[in-house]
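What follows is a short report on a single structure.
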Amino acid sequence: MATPRLRAPAGFRFPARMHVSFNLGDDLDAAVRSAAGLAGLADPAALIPEIRTADPRHGDFQANGVLGYAKARRLNPRAVAEQLVAALDPALAAQYEVGVAGPGFINFRLRPAALLGWLRAFDSAEHLRAGAATAHAGQTWVVDYSSPNTAKQMHVGHLRSAVIGEAICRLLEFMGARVVRDNHLGDWGTQFGKLIYGYKRWLNPAALQADPIEELERLYKLGHEATPDGSPELDEARQELVKLQNGDPENVALWQTFSSVSQAAFQQIYDRLGIRFDHHLGESFYNDKVDRVYRELEETGLAQVSEGALVVFHPEHPRFKSQPFLIRKADGASNYASTDLATALYRAQHFKADGIVVVTDFRQADHFEQLFLTVRKWFAAKGYPVPELHHVTFGAVTGEDGKALKTRSGDVIRLKALLDEAEERAFAIVSEKNPDLPEAERRAIARAVGVGAVQYADLSQNRSSNYVFSWDKMLALDGNTAPYLLYAVARIHSIFRRGGVAPGDPGSEAEATPPETAAELSLARKLVKFPDAIRLAGETLRPHYLGLYLFELAGEYSAFNNADKVLVDDPPVRARRLLLCARTLLLLETGLGLLGLRTLKRM
RNA sequence: GCGGUGGUAGCUCAGCUGGAUAGAGCAACGGUUUUCUAAACCGUCGGUCCCGGGUUCGAGUCCCGGCCACCGCGCCA
């Protein structure tokens with residue numbers, strides 16, 4: 001069937017310098033809306049263009065909105081689509097081939113010169129950032145992630161929150177937000193009574209020096225074993241806790257020691273993962289802030305006493321009308337609902353958060369749903385601004401048997417041991433594949449590849465589902481893995497080394513002509529979709545959308561790399577291929593950086 | 001019992017909030033190297049999208065009812 005195509009007006013020259021939108025789809029949305037008015041549609045405001053990235057077979061973008069509009073008004077959708085196309089701003093024809101297809105889709109295919117225009121406009125990390133930063137400009141987002149318990153080892157269960165949380169922080173920052181990274185440590189609770197009990201009796205100072213968390217875990221275990229239920233020893237341990245809570249100087253000093261040595265140990269892990277928190281406001285920080293929560297929730301009538309405890313019900317909710325949100329225990333003590341409420345208030349008021357993101361596993365979904373329901377009503381009742389509240393959940397990490405990941409002896413796997421093993425395995429692989437590199441470099445490569453593989457295994461998959469931990473899969477050079485992506489980066493660097501130019505060097509790109517070969521075009525069209533991946537990952541708080549894009553980009557690059565030699569003699573061809581390499585490198589390095597991975601120049 | 005999440009190729013998973021002929025990787029089979037990193041690329045094979053209804057121009061995607069797995073549901077976090 002015939003599809004009308006817009007042609008560039010005779011003599012039209014694509015301007016060398018013109019405004020280029022970061023999100024090209026935004027231009028199309030505006031253009032179609034404007035055309036709806038010019039085309040004389042009965043109800044132009046009702047036409048929502050619904051611009052989507054298209055299957056490459058059909059074009060780069062498509063407008064789907066005509067179908068719904070036409071059907072609702074008993075119009076022929078193809079006819080409406082053709083009316084719209086005829087009314088499109090002719091300047092658009094300089095950039096896109098436009099056609100109507102199927103039942104009434106409008107397809108837009110970027111012309112090679114327009115592809116080059118975008119690639120020239122977004123030629124640096126700064127320009128990409130400037131393009132992306134409109135989404136959350138001027139906003140403050142608090143991200144609560146990792147959040148381990150002090151005096152305990154970080155284990156594999158803490159991995160996902162840390163990795164996903166950091167990627168979300170970087171995405172939000174890239175999109176223009178000021179991000180407050182807050183490690184909501186589990187640093188308060190009944191376990192400290194037993195730990196102090198053990199500490200005062202069996203401390204080995206040398207062991208505390210050498211591996212503080214190891215020693216604290218040993219002391220807690222001894223304290224726990226020495227204080228069985230109903231024993232006088234348990235009463236003593238409880239007394240230690242009471243003393244701590246009442247500000248006994250000795251116990252407070254001990255508790256502070258536990259916190260500081262724990263944070264120092266955690267930071268060793270965070271350094272390997274590229275994480276640095278702005279704040280470590282643990283549960284203890286909110287001890288003196290829960291009374292206000294009780295008071296305000298009672299005075300607004302949201303909380304009530306039930307079975308001696310202070311609870312919040314949500315009558316409009318099918319389940320939480322009867323399942324209580326327990327915010328103060330019957331004995332008067334606070335619990336994590338109390339401190340989480342106080343935390344939300346502090347973040348909203350002290351940090352002036354426009355958004356709060358909490359990254360924990362899916363088992364806490366009920367808690368956060370109740371928490372957020374309560375916060376919204378509470379803030380509304382008091383006239384406090386209500387931030388966007390997001391609970392970012394994730395599934396479990398399982399072994400290949402589908403059960404929770406454990407060591408062979410059944411213990412939890414420590415994060416330190418896990419990262420060590422990742423680096424060892426990566427070192428063995430790089431030493432086999434590239435034995436001529438100096439050992440120091442192979443070690444450095446192993447650090448980036450090994451840790452990156454662990455991070456990316458988490459980030460490449462939809463966070464909602466469980467994921468199966470497999471060394472072989474995450475360290476494979478094929479498939480959607482960190483080594484595959486890092487390898488693509490290294491290969492591009494290799495070309496620039498061979499060519500004796502720096503990536504993105506303006507001189508090397510000056511003569512670049514628009515992409516021509518099938519592989520060049522395919523790569524260029526993938527490159528300009530980067531903003532779409534950022535938007536999708538950022539809006540849904542699902543980093544795997546960015547990972548998937550990077551994998552597809554690396555795939556396009558590999559196909560290009562295989563089909564078209566870059567360092568050819570013909571200057572314009574060489575220049576445009578170098579430009580494509582430089583932009584691929586820029587987007588891969590920027591994207592992997594947003595996911596928290598470190599990239600390499602050689603591997 | 002109520003609820004959450006998942007169920008897509010032999011395996012591990014995508015599928016951009018309802019769009020065009022459902023895609024990758026692994027595994028299996030075949031091909032490409034005087035080549036900028038073959039740690040790559042290309043192709044073939046492979047589908048009851050858990051089942052049954054419904055909504056509509058169009059459903060893997062939304063609604064209803066089932067089945068299976070994991071998880072949560074009053075003083076742990």
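Residue numbers begin at 1 in each chain, while the letters A, B, ... track the order of the sequences.
Between A:Tyr286 and B:rA77, a side-chain N or O to OP1/OP2 separation shorter than 4.0 Å is absent.
Every residue meeting the salt bridge (charged side-chain N to carboxylate O under 4.0 Å, His left out) condition with A:Lys529, not counting sequence neighbours, appears here in chain and number order: A:Asp60. Scanning for salt bridge (charged side-chain N to carboxylate O under 4.0 Å, His left out) contacts around A:Arg160 gives A:Asp458, with sequence neighbours left out. In terms of the side chain to side chain contact (heavy atoms under 4.5 Å, CB included) criterion, residue partners of A:Thr190 (sequence neighbours excluded) are, by chain and number, A:Leu241. Scored by the ring pair (Phe, Tyr, Trp, His ring centres under 6.0 Å) test, A:His58 finds no partners at all (sequence neighbours excluded). Residues forming a side-chain hydrogen bond (donor to acceptor under 3.5 Å, both in side chains) with A:Glu316 (at least two apart in sequence, or on another chain): A:Lys377. Evaluation of the ring pair (Phe, Tyr, Trp, His ring centres under 6.0 Å) rule for A:Phe320 yields A:His317 as partners, not counting sequence neighbours.
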Using a 3.5 Å cut-off and no angle test, enumerate the donor-acceptor pairs between side-chain atoms of residues 543-553 of chain A and protein atoms at least two apart in sequence or in another chain.
unit_1	atom_1	unit_2	atom_2	d
A:Tyr549	OH	A:Lys526	O	2.7
A:Tyr549	OH	A:Leu527	O	3.3
A:Tyr549	OH	A:Phe530	N	3.4
A:Glu552	OE1	A:Lys526	NZ	2.7

In residues 476-489 of chain A, what donor-acceptor pairs under 3.5 Å come from side-chain atoms, sequence neighbours left out?
unit_1	atom_1	unit_2	atom_2	d
A:Asn480	OD1	A:Tyr456	OH	2.6
A:Thr481	OG1	A:Ala476	O	2.7
A:Thr481	OG1	A:Tyr484	N	3.2

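Non-hydrogen atoms lying under 4.0 Å from RNA chain B are contributed by A:Asp564, A:Lys565, A:Val566, A:Leu567, all within residues 563-575 of chain A.
The salt bridge (Lys or Arg N to Asp or Glu O under 4.0 Å) contacts involving residues 567-579 of chain A comprise A:Glu516-A:Arg576, A:Glu520-A:Arg576, A:Glu520-A:Arg577, A:Asp564-A:Arg577, where partners must be two or more places apart or lie in separate chains.
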Every protein N/O within reach of nucleotides 17-27 of chain B N/O, cut-off under 3.5 Å:
unit_1	atom_1	unit_2	atom_2	d
B:rG19	OP2	A:Arg52	NH1	3.2
B:rG19	O2'	A:Gln62	NE2	3.4
B:rA20	N7	A:Gln62	OE1	3.4
B:rA20	N6	A:Gln62	OE1	3.2
B:rA20	N6	A:Asn107	OD1	2.5
B:rA20	N6	A:Asn107	ND2	3.4
B:rA20	N1	A:Asn107	ND2	3.3

Could you list all N or O pairs between the protein and nucleotides 62-73 of chain B that sit under 3.5 Å apart?
unit_1	atom_1	unit_2	atom_2	d
B:rC73	O2'	A:Gln323	OE1	3.2

Practice problem: I would like to know whether A:Arg443 and A:Glu424 meet salt bridge (Lys or Arg N to Asp or Glu O under 4.0 Å); could you show each step before the answer? | Solution: CA-CA 9 Å; A:Arg443 288 281 172 203; A:Glu424 280 310 311; 3.4 Å; yes

